[in-house]
Amino acid sequence: MVTTGDVGVVGELHVLAVDDSFVDRKVIERLLKFTSCKVTVVESGTRALQYLGLDGDTSSIGFDGVKVNMIMTDYSMPGMTGYELLKKIKQESSVFREIPVVVMSSENILTRIDSCLEEGAEEFLLKPVKLSDVKRLTDFIMSGEGKKVGGKRSQKRNRSDDCISSLSTTCSTVSHPCDLSSLSPSAMSSKKSRL
(Lines give C-alpha, C1' and ligand atoms only; values in the text may rest on other atoms or scores of the structure.)
Protein backbone atom coordinates (compact mmCIF):
# COMPACT_ATOMS: atom_id res chain seq x y z
CA MET A 1 0.00 0.00 0.00
CA VAL A 2 1.41 3.35 -1.08
CA THR A 3 -0.24 6.56 0.04
CA THR A 4 0.86 9.83 -1.48
CA GLY A 5 0.06 13.23 -0.03
CA ASP A 6 -1.39 16.06 -2.10
CA VAL A 7 0.66 17.40 -4.99
CA GLY A 8 2.52 20.33 -3.55
CA VAL A 9 3.91 23.64 -4.61
CA VAL A 10 7.28 24.17 -6.25
CA GLY A 11 10.10 23.88 -3.73
CA GLU A 12 8.12 21.58 -1.45
CA LEU A 13 9.99 18.64 0.04
CA HIS A 14 8.81 15.17 -0.90
CA VAL A 15 9.46 12.65 1.88
CA LEU A 16 9.15 8.89 1.61
CA ALA A 17 8.13 7.56 5.04
CA VAL A 18 8.59 3.83 5.72
CA ASP A 19 7.12 2.15 8.79
CA ASP A 20 5.35 -1.16 9.39
CA SER A 21 3.19 0.35 12.15
CA PHE A 22 0.01 1.98 10.85
CA VAL A 23 -0.11 4.36 13.83
CA ASP A 24 3.53 5.41 13.44
CA ARG A 25 3.00 5.95 9.69
CA LYS A 26 0.04 8.23 10.41
CA VAL A 27 1.97 10.17 13.08
CA ILE A 28 5.00 10.79 10.87
CA GLU A 29 2.74 11.62 7.90
CA ARG A 30 0.86 14.20 9.94
CA LEU A 31 4.07 15.76 11.32
CA LEU A 32 5.56 16.00 7.83
CA LYS A 33 2.38 17.48 6.33
CA PHE A 34 2.26 19.99 9.18
CA THR A 35 5.70 21.19 8.04
CA SER A 36 4.36 21.52 4.46
CA CYS A 37 5.98 18.39 3.04
CA LYS A 38 4.52 16.16 0.38
CA VAL A 39 4.48 12.68 1.92
CA THR A 40 4.40 9.19 0.48
CA VAL A 41 4.02 6.43 3.05
CA VAL A 42 4.76 2.73 2.58
CA GLU A 43 4.58 -0.13 5.03
CA SER A 44 7.84 -1.98 4.36
CA GLY A 45 11.39 -1.71 3.09
CA THR A 46 10.43 -3.88 0.12
CA ARG A 47 7.62 -1.48 -0.85
CA ALA A 48 10.03 1.46 -0.48
CA LEU A 49 12.46 -0.20 -2.90
CA GLN A 50 9.59 -0.86 -5.31
CA TYR A 51 8.48 2.78 -5.09
CA LEU A 52 12.04 3.97 -5.75
CA GLY A 53 12.53 1.47 -8.57
CA LEU A 54 15.40 -0.32 -6.81
CA ASP A 55 13.74 -3.74 -6.64
CA GLY A 56 14.90 -4.79 -10.12
CA ASP A 57 11.32 -4.87 -11.46
CA THR A 58 10.95 -2.89 -14.68
CA SER A 59 7.30 -2.14 -13.86
CA SER A 60 8.26 -0.20 -10.72
CA ILE A 61 7.83 3.56 -10.75
CA GLY A 62 11.58 4.25 -10.76
CA PHE A 63 13.52 7.43 -10.20
CA ASP A 64 12.46 9.07 -13.46
CA GLY A 65 8.88 9.22 -12.21
CA VAL A 66 9.71 10.00 -8.58
CA LYS A 67 11.38 12.98 -6.94
CA VAL A 68 12.16 12.23 -3.31
CA ASN A 69 14.11 14.69 -1.16
CA MET A 70 14.34 12.61 2.02
CA ILE A 71 13.56 9.09 3.24
CA MET A 72 12.48 8.41 6.82
CA THR A 73 12.43 4.77 7.83
CA ASP A 74 11.72 2.77 10.95
CA TYR A 75 14.60 0.53 12.02
CA SER A 76 12.67 -2.54 13.22
CA MET A 77 10.42 -3.90 10.49
CA PRO A 78 9.66 -7.48 9.46
CA GLY A 79 11.26 -8.70 6.25
CA MET A 80 13.72 -5.88 5.68
CA THR A 81 14.98 -3.67 8.50
CA GLY A 82 15.51 0.06 8.11
CA TYR A 83 19.25 -0.60 8.29
CA GLU A 84 19.05 -3.01 5.34
CA LEU A 85 16.97 -0.48 3.40
CA LEU A 86 19.55 2.23 4.18
CA LYS A 87 22.36 0.00 2.88
CA LYS A 88 20.48 -0.77 -0.35
CA ILE A 89 19.72 2.89 -1.00
CA LYS A 90 23.28 4.00 -0.30
CA GLN A 91 25.06 1.14 -2.11
CA GLU A 92 22.97 0.17 -5.10
CA SER A 93 22.30 3.52 -6.71
CA SER A 94 24.50 6.54 -7.09
CA VAL A 95 21.32 8.54 -7.83
CA PHE A 96 19.80 7.76 -4.42
CA ARG A 97 23.09 7.85 -2.55
CA GLU A 98 22.73 11.63 -2.20
CA ILE A 99 19.22 11.51 -0.72
CA PRO A 100 19.25 11.93 3.07
CA VAL A 101 17.96 8.89 4.93
CA VAL A 102 16.71 9.26 8.51
CA VAL A 103 16.35 6.12 10.62
CA MET A 104 13.86 6.06 13.51
CA SER A 105 13.56 3.62 16.39
CA SER A 106 11.95 3.33 19.80
CA GLU A 107 15.03 1.45 21.01
CA ASN A 108 18.07 3.45 22.13
CA ILE A 109 20.84 1.00 21.18
CA LEU A 110 24.15 2.78 20.61
CA THR A 111 25.62 0.09 18.34
CA ARG A 112 22.52 0.35 16.15
CA ILE A 113 22.81 4.15 16.04
CA ASP A 114 26.52 3.95 15.17
CA SER A 115 25.94 1.38 12.42
CA CYS A 116 23.27 3.49 10.76
CA LEU A 117 25.31 6.69 10.91
CA GLU A 118 28.41 4.90 9.60
CA GLU A 119 26.38 3.45 6.73
CA GLY A 120 25.33 6.97 5.68
CA ALA A 121 22.17 7.86 7.61
CA GLU A 122 21.70 11.60 7.97
CA GLU A 123 20.10 11.22 11.40
CA PHE A 124 18.93 8.60 13.87
CA LEU A 125 15.80 9.69 15.74
CA LEU A 126 14.29 8.10 18.81
CA LYS A 127 10.53 7.58 18.78
CA PRO A 128 8.22 9.13 19.46
CA VAL A 129 9.33 11.57 16.78
CA LYS A 130 8.48 15.13 17.67
CA LEU A 131 7.46 18.06 15.50
CA SER A 132 10.71 19.82 16.47
CA ASP A 133 12.71 16.85 15.05
CA VAL A 134 10.83 16.98 11.76
CA LYS A 135 11.05 20.77 11.53
CA ARG A 136 14.82 20.68 12.14
CA LEU A 137 15.27 18.01 9.44
CA THR A 138 13.13 19.76 6.84
CA ASP A 139 14.86 23.09 7.51
CA PHE A 140 18.22 21.33 7.16
CA ILE A 141 17.26 19.78 3.81
CA MET A 142 15.62 22.97 2.47
CA SER A 143 18.74 24.98 3.28
CA GLY A 144 20.77 22.57 1.13
CA GLU A 145 22.98 21.47 4.01
CA GLY A 146 21.93 17.85 3.61
CA LYS A 147 23.90 17.57 0.38
CA LYS A 148 27.39 16.17 0.36
CA VAL A 149 30.30 18.48 -0.37
CA GLY A 150 33.32 16.93 -2.09
CA GLY A 151 32.11 13.41 -1.34
CA LYS A 152 31.74 14.09 2.38
CA ARG A 153 28.72 15.28 4.31
CA SER A 154 28.83 18.96 5.00
CA GLN A 155 27.62 18.28 8.54
CA LYS A 156 28.06 14.87 10.11
CA ARG A 157 26.63 14.04 13.47
CA ASN A 158 28.81 12.12 15.82
CA ARG A 159 28.08 9.62 18.53
CA SER A 160 28.22 12.19 21.35
CA ASP A 161 25.45 14.19 19.63
CA ASP A 162 23.31 11.06 19.56
CA CYS A 163 24.03 10.24 23.19
CA ILE A 164 23.04 13.74 24.27
CA SER A 165 19.86 13.80 22.19
CA SER A 166 19.02 10.25 23.25
CA LEU A 167 19.49 11.12 26.89
CA SER A 168 17.38 14.26 26.64
CA THR A 169 14.67 12.37 24.75
CA THR A 170 14.71 9.58 27.31
CA CYS A 171 14.55 12.03 30.21
CA SER A 172 11.78 14.05 28.59
CA THR A 173 9.68 10.94 27.99
CA VAL A 174 10.05 9.78 31.57
CA SER A 175 8.80 13.05 33.01
CA HIS A 176 6.21 13.72 30.31
CA PRO A 177 2.78 14.36 31.89
CA CYS A 178 0.99 12.30 29.20
CA ASP A 179 3.19 9.23 29.73
CA LEU A 180 0.77 6.62 31.05
CA SER A 181 3.06 3.65 30.52
CA SER A 182 4.20 3.63 34.15
CA LEU A 183 0.65 3.48 35.54
CA SER A 184 -0.89 0.23 36.64
CA PRO A 185 -4.17 -0.86 34.96
CA SER A 186 -6.16 0.01 38.10
CA ALA A 187 -4.57 3.47 38.27
CA MET A 188 -5.34 3.99 34.57
CA SER A 189 -9.00 3.05 34.99
CA SER A 190 -9.34 5.46 37.91
CA LYS A 191 -7.67 8.20 35.80
CA LYS A 192 -10.08 7.45 32.91
CA SER A 193 -13.10 7.62 35.20
CA ARG A 194 -12.06 11.08 36.38
CA LEU A 195 -11.84 12.27 32.76
Side-chain angles (χ1 to χ4, degrees), residues 13 15-35 37 39 41-49 69-91 97 99-141 145-146 148 152-185 187-188 191:
L13 287 180
V15 180
L16 175 61
V18 187
D19 204 311
D20 61 313
S21 164
F22 176 78
V23 172
D24 287 343
R25 279 196 310 270
K26 287 299 178 189
V27 168
I28 198 68
E29 180 179 22
R30 182 162 293 207
L31 289 172
L32 287 163
K33 284 185 176 181
F34 189 78
T35 58
C37 290
V39 185
V41 292
V42 295
E43 72 281 357
S44 69
T46 304
R47 294 291 287 163
L49 291 177
N69 304 99
M70 182 169 60
I71 299 167
M72 295 184 75
T73 181
D74 182 31
Y75 184 93
S76 297
M77 296 183 291
M80 177 184 293
T81 67
Y83 178 71
E84 293 166 335
L85 176 61
L86 169 70
K87 285 175 59 171
K88 286 193 175 286
I89 290 168
K90 295 298 181 177
Q91 291 176 358
R97 189 170 289 189
I99 294 177
V101 177
V102 176
V103 181
M104 307 170 288
S105 179
S106 57
E107 300 170 315
N108 185 9
I109 302 171
L110 291 178
T111 54
R112 182 179 289 178
I113 294 168
D114 286 343
S115 296
C116 289
L117 293 174
E118 287 169 10
E119 198 60 48
E122 191 72 36
E123 284 273 357
F124 191 100
L125 298 176
L126 287 177
K127 291 181 179 181
V129 176
K130 299 184 266 326
L131 181 59
S132 60
D133 294 327
V134 173
K135 181 81 173 115
R136 181 176 41 81
L137 286 170
T138 54
D139 288 348
F140 181 72
I141 302 304
E145 294 176 14
K148 290 184 179 179
K152 303 240 180 199
R153 292 197 184 279
S154 58
Q155 291 187 2
K156 184 70 174 166
R157 293 188 48 192
N158 60 35
R159 185 175 178 182
S160 62
D161 292 339
D162 295 313
C163 293
I164 291 168
S165 69
S166 300
L167 182 59
S168 66
T169 303
T170 304
C171 292
S172 68
T173 12
V174 170
S175 62
H176 194 279
C178 295
D179 184 13
L180 301 177
S181 61
S182 62
L183 294 177
S184 66
M188 284 184 63
K191 292 266 187 201

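Values below: all heavy atoms of this structure, side chains included; hydrogens, waters and symmetry mates excluded.
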Determine whether [X] and [Y] make a side-chain contact, defined as any pair of heavy atoms from C-beta on separated by less than 4.5 Å.
X: Val27; Y: Val129; result: no
X: Leu31; Y: Met72; result: no
X: Tyr75; Y: Arg112; result: yes

Heavy-atom closest contact (Ser76 atom, Glu107 atom, distance):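 Scanning both residues completely, I find the closest heavy atoms to be OG-OE1, 3.6 Å.
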Minimal non-hydrogen separation, Leu16 against Ala48, with atom names: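 The answer is CD2-CB, 4.1 Å.
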Applying side chain to side chain donor-acceptor pair (under 3.5 Å), name anything that partners Asp24, two or more places apart in sequence or on another chain.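 Asp24 satisfies side chain to side chain donor-acceptor pair (under 3.5 Å) with Lys127 once adjacent residues are dropped.
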Interatomic spacing from [atom1] in [X] to [atom2] in [Y] - rounded to 0.5 Å:
X: Thr81; Y: Lys87; atom1: OG1; atom2: NZ; answer: 8.5 Å
X: Leu49; Y: Ile89; atom1: CG; atom2: CD1; answer: 6.5 Å
X: Leu32; Y: Leu137; atom1: CG; atom2: CG; answer: 9.0 Å

Under the rule for side chain to side chain contact (heavy atoms under 4.5 Å, CB included), what residues qualify as partners of Ser115, not counting sequence neighbours?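 Expected list: Tyr83.
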Quick test of your reading of the model: are Lys88 and Glu84 salt-bridged, counting only N-O distances below 4.0 Å?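 No, this pair does not count.
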Side chain of [X], backbone of [Y]: donor and acceptor closer than 3.5 Å?
X: Lys90; Y: Leu85; value: no
X: Arg25; Y: Val18; value: no
X: Asp133; Y: Lys130; value: yes

